[in-house]
Enquirer: 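Handing you this structure, nothing more for now.
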There are 2 protein chains.
Amino acid sequence: MTIKAQFDHSNCADCPIRHRAVCARCDADELEALDAIKYYRSFEAGQTIIWSGDQMNFVGSVVSGIASLTQTMEDGRTQMVGLLLPSDFVGRPGRDVAPYDVQATTDVVMCCFRKKPFEELMDETPHIAHRLLQMTLDELDAAREWMLVLGRKTAREKIASLISIIARRDASIGQKGLSGQIVFDLPLTREAMADYLGLTLETVSRQISALKKDGLILLEGKRHVTIPDLGRLMEEAGDDSDGGFLV
Amino acid sequence: MTIKAQFDHSNCADCPIRHRAVCARCDADELEALDAIKYYRSFEAGQTIIWSGDQMNFVGSVVSGIASLTQTMEDGRTQMVGLLLPSDFVGRPGRDVAPYDVQATTDVVMCCFRKKPFEELMDETPHIAHRLLQMTLDELDAAREWMLVLGRKTAREKIASLISIIARRDASIGQKGLSGQIVFDLPLTREAMADYLGLTLETVSRQISALKKDGLILLEGKRHVTIPDLGRLMEEAGDDSDGGFLV
DNA sequence: GTTTCCACTTGATCTCCGTCAAAGCACCTA
DNA sequence: TAGGTGCTTTGACGGAGATCAAGTGGAAAC
């Protein structure tokens with residue numbers, strides 16, 4: 001598995017997280033140009049940010065919280081097709097209509113750019129287009145890896161995959177417990193996990209209980225997780241134990 | 001569903017199919033520059049074009065035949081994550097290692113560009129980067145739609161989805177029978193279909209037989225398919241009957 | 001002609017996961 | 001304290017699809 005690149009902002013005194021998505025080099029002029037067309041929007045947990053089929057007049061990135069991309073069938077079956085974590089980008093320069101719902105899974109703050117000016121800026125600034133291409137290719141790889149999870153893994157492996165992915169993503173910005181333990185809170189309800197994994201929430205609950213019984217994870221309450229040995233969990237996920245990805 | 005954009009080459013006297021992938025406007029200078037760094041490679045059905053983890057020193061597009069992108073787990077389970085049809089692009093400017101196997105499903109001819117020169121050309125030619133970004137976004141959408149198929153559809157719906165997708169993709173360049181009938185040959189073995197759909201080949205065979213029994217498709221031999229009513233087949237696939245995608 | 005091979009079909013059985021149903025638990029309001 | 005609400009857990013059961021195992025048919029090889 002490939003781990004999504006973390007951008008090095010250590011040299012960027014004036015590079016707020018809200019521009020990480022489009023700014024890898026933190027060019028001052030670009031930041032200024034981006035600042036000129038940006039605005040913020042907040043959403044409550046559960047709120048739909050964009051409906052599938054809607055006109056999309058902005059692009060943007062997640063500043064805080066978690067948003068999800070969801071496909072829906074006519075009869076109501078749904079499949080989550082992506083998770084957007086802070087610094088992830090939403091939107092399609094060059095296309096007007098949203099291909100899936102975007103929902104706020106937790107409370108979300110987004111930094112938006114009006115689409116027209118953003119596209120113009122992209123035309124003038126090859127660096128932004130390149131940056132966007134790299135990000136899109138990363139997401140494509142991640143989507144394809146997720147296809148393996150959806151198509152071929154058992155329920156137990158799916159849960160183990162999801163938990164270890166969240167753990168690694170979280171751990172890279174969060175706290176690491178002593179002796180390699182990883183401690184974090186699941187940011188998703190059982191139902192959201194089921195939507196992401198192509199399972200039912202009952203199966204998710206059962207498999208989490210099973211992993212807990214087998215000592216692969218420890219649970220305090222329903223959300224607070226400790227992973228004593230990430231390697232073992234990843235074996236359980238059927239992964240060759242290196243790297244990882246999300247979205 | 002969104003249909004992958006077909007490029008209009010009606011005005012392009014000198015635009016061979018081999019450049020459709022990177023050339024939307026058919027700029028003469030760009031074509032010349034691309035011509036200078038291109039070469040052709042042929043592969044036999046079943047051959048592996050690129051192994052996961054290999055160094056990739058070229059990018060390119062499929063000229064004829066069908067290639068597939070495949071993920072493999074340690075224990076041998078596999079999941080096809082994309083089909084490459086003529087004019088589709090392979091490769092990752094900016095990344096060296098292939099994230100999955102690329103295999104020739106039928107005999108394949110590819111038009112390749114050495115990666116280094118191609119990347120340099122991309123730097124000088126914003127148009128190519130834009131074009132590539134659009135293509136990658138299209139593929140991302142397609143991958144995400146396929147996640148819905150893998151995660152939530154029944155075996156019967158999966159088969160109906162795959163057949164109607166191939167039919168539409170084929171029909172757009174192939175022959176249309178009278179009275180809206182679509183006639184074509186399945187370019188995939190039952191096993192390859194199973195790999196793409198997250199099923200076993202036995203289930204694929206059974207579901208194809210079932211669709212045939214129900215009159216949704218007609219079969220002559222094992223591969224030659226007639227679809228009397230595409231709308232009905234797409235309903236069976238659980239699709240809101242518009243558009244379609246592939247790869 | 002017949003043998004071999006390979007893709008495919010069909011059948012019998014098993015099992016994992018979905019479905020339906022009930023109950024537990026934390027948190028909020030009154 | 002009681003009741004409500006939302007999220008979660010657990011149990012019982014059934015079915016869609018996997019697995020194992022023959023068998024078919026058509027084309028190439030001998």
Side-chain angles (χ1 to χ4, degrees), chain A residues 44-47 66 73 75-79 104-107 149-163 185-214 217-225 236 238, chain B residues 44-46 66 73 75-79 105-106 149-163 185-214 217-225 236-238:
Chain A
E44 286 175 22
Q47 222 179 328
I66 297 188
M73 290 174 67
D75 61 7
R77 280 176 283 176
T78 63
Q79 174 66 52
T105 295
T106 63
D107 289 350
V149 173
L150 290 174
R152 292 298 180 194
K153 290 196 178 178
T154 64
R156 184 184 175 92
E157 289 170 334
K158 286 179 176 182
I159 296 288
S161 296
L162 181 58
I163 292 181
D185 286 304
L186 286 172
L188 303 174
T189 64
R190 301 291 187 259
E191 188 181 16
M193 290 189 239
D195 272 353
Y196 200 30
L197 294 167
L199 298 170
T200 59
L201 70 92
E202 293 95 330
T203 299
V204 169
S205 180
R206 273 187 253 271
Q207 295 300 332
I208 289 181
S209 298
L211 291 178
K212 178 174 149 194
K213 187 161 74 66
D214 297 345
I217 59 172
L218 310 176
L219 267 184
E220 282 169 73
K222 295 150 197 283
R223 300 287 192 91
H224 195 73
V225 178
E236 210 65 35
Chain B
E44 286 174 23
I66 298 187
M73 290 174 68
D75 61 8
R77 278 176 283 176
T78 63
Q79 174 66 51
T105 295
T106 64
V149 174
L150 290 174
R152 292 298 181 193
K153 290 196 178 180
T154 64
R156 183 183 177 93
E157 289 169 333
K158 286 179 176 183
I159 296 288
S161 297
L162 181 59
I163 292 181
D185 286 305
L186 288 173
L188 301 174
T189 64
R190 302 290 187 261
E191 188 181 16
M193 290 189 239
D195 273 353
Y196 200 30
L197 294 167
L199 298 170
T200 60
L201 69 92
E202 293 96 329
T203 299
V204 169
S205 180
R206 273 186 253 272
Q207 295 300 333
I208 288 181
S209 298
L211 290 178
K212 179 175 147 193
K213 188 162 74 67
D214 297 346
I217 59 172
L218 311 176
L219 266 185
E220 281 169 75
K222 294 151 196 283
R223 300 289 192 90
H224 194 73
V225 179
E236 210 65 35

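What you see below is based on every heavy atom in this structure, not just the backbone, and it leaves out hydrogens, waters and symmetry mates. Sequence lines set the chain letters: A, B, ... in the order given, protein chains first and strands last, and positions in each chain run from 1.
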Enquirer: Over all strands shown, is A:G46 touching base, sugar-phosphate only, or nothing at heavy-atom distances under 4.0 angstrom?
Expert: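 No contact at all - A:G46 keeps every heavy atom at 4.0 Å or more from the nucleic acid.
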Enquirer: I want to check something: taking the side chain as every heavy atom from C-beta on, are B:D214 and B:E236 in contact at a cut-off of under 4.5 Å?
Expert: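 No, every pair of side-chain atoms sits at 4.5 Å or beyond.
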Enquirer: The side chain of B:T200 is closest to which nucleotide in this list: C:dA7, D:dT9, D:dT19?
Expert: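 Selected nucleotide (nearest to the side chain): D:dT19.
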Enquirer: Return whichever of A:K222 or A:V204 has its heavy-atom-nearest nucleotide of DNA chain C closer to the 5' end.
Expert: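 Of the two residues, A:V204 wins.
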Enquirer: Taking the side chain as every heavy atom from C-beta outward, state whether B:K158 and B:T203 have any pair of such atoms under 4.5 Å apart.
Expert: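 The answer is no; the side chains never approach within 4.5 Å.
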Enquirer: Suppose we call a contact any N or O donor and acceptor under 3.5 Å apart; does that hold for the side chain of B:E202 and the base of C:dC8?
Expert: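 There is none.
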Enquirer: Heavy atoms only, 4.0 Å cut-off, all strands: where does A:I208 land among base, sugar-phosphate and nothing?
Expert: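 Here A:I208 touches no strand at all.
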Enquirer: May I ask you to verify if any side-chain N or O of B:R223 is less than 4.0 angstrom from the OP1 or OP2 atom of C:dC8?
Expert: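 Looking at the OP1 and OP2 atoms of C:dC8, one of them is under 4.0 Å from a side-chain N or O of B:R223.
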Enquirer: Rounded to the Å, how far apart are A:L201 CG and D:dG6 P?
Expert: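 Distance check: A:L201 CG to D:dG6 P gives 15 Å.
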Enquirer: Starting at CZ of A:R77 and ending at P of C:dG18, how long is that distance when rounded to a whole Å?
Expert: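 Distance, rounded to whole Å: 13 Å.
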Enquirer: How long is the line joining CD1 of B:I159 and P of C:dT9, in whole Å?
Expert: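 For the pair B:I159 CD1 and C:dT9 P, the rounded distance is 10 Å.
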Enquirer: For A:D195 and C:dG18, give me the distance from atom CG to atom P, rounded to whole Å.
Expert: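 Rounded to the whole Å, the gap is 12 Å.
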Enquirer: Assign each of A:R152 and A:T203 to its nearest nucleotide of DNA chain D by heavy atoms, then name whichever residue's nucleotide is nearer the 5' end.
Expert: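 Upstream on the strand: A:T203.
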Enquirer: Check for a donor-acceptor pair, side chain of A:R152 on one end and backbone N or O of B:Q79 on the other, with a separation under 3.5 Å.
Expert: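 A pair under 3.5 Å: no.
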Enquirer: I need the NE2-P distance between B:H224 and C:dC8, as an integer number of Å.
Expert: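 One finds 16 Å between P of C:dC8 and NE2 of B:H224, rounded.
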Enquirer: Can you find a heavy atom in the side chain of B:L211 that is under 4.5 Å from one in the side chain of B:L219?
Expert: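 They are not in side-chain contact.
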Enquirer: Starting from C1' on C:dT10, measure out to CD on B:Q207 and report it in whole angstrom.
Expert: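 To the nearest whole Å, that distance equals 13 Å.
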Enquirer: Among D:dA12, D:dC7, D:dT19, which is the nearest nucleotide to the side chain of A:R206?
Expert: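 Taking heavy atoms from C-beta onward, the closest nucleotide is D:dA12.
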Enquirer: Between A:S205 (side chain) and A:L201 (backbone), is there a donor-acceptor pair under 3.5 Å?
Expert: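 Between the backbone of A:L201 and the side chain of A:S205 there is no qualifying donor-acceptor contact (under 3.5 Å).
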Enquirer: Roughly, in whole Å, what's the span from CD in A:E220 to P in D:dT8?
Expert: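 Atom CD in A:E220 sits about 17 Å away from atom P in D:dT8.
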Enquirer: Base, sugar-phosphate, or nothing: which does A:T189 touch, judged by heavy atoms less than 4.0 Å apart?
Expert: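 Counting heavy atoms under 4.0 Å across all strands, the contact made by A:T189 is with sugar-phosphate only.
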Enquirer: Between B:L186 (CG) and C:dT9 (C1'), how many Å, whole number?
Expert: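 So the two atoms are 15 Å apart, to the nearest Å.
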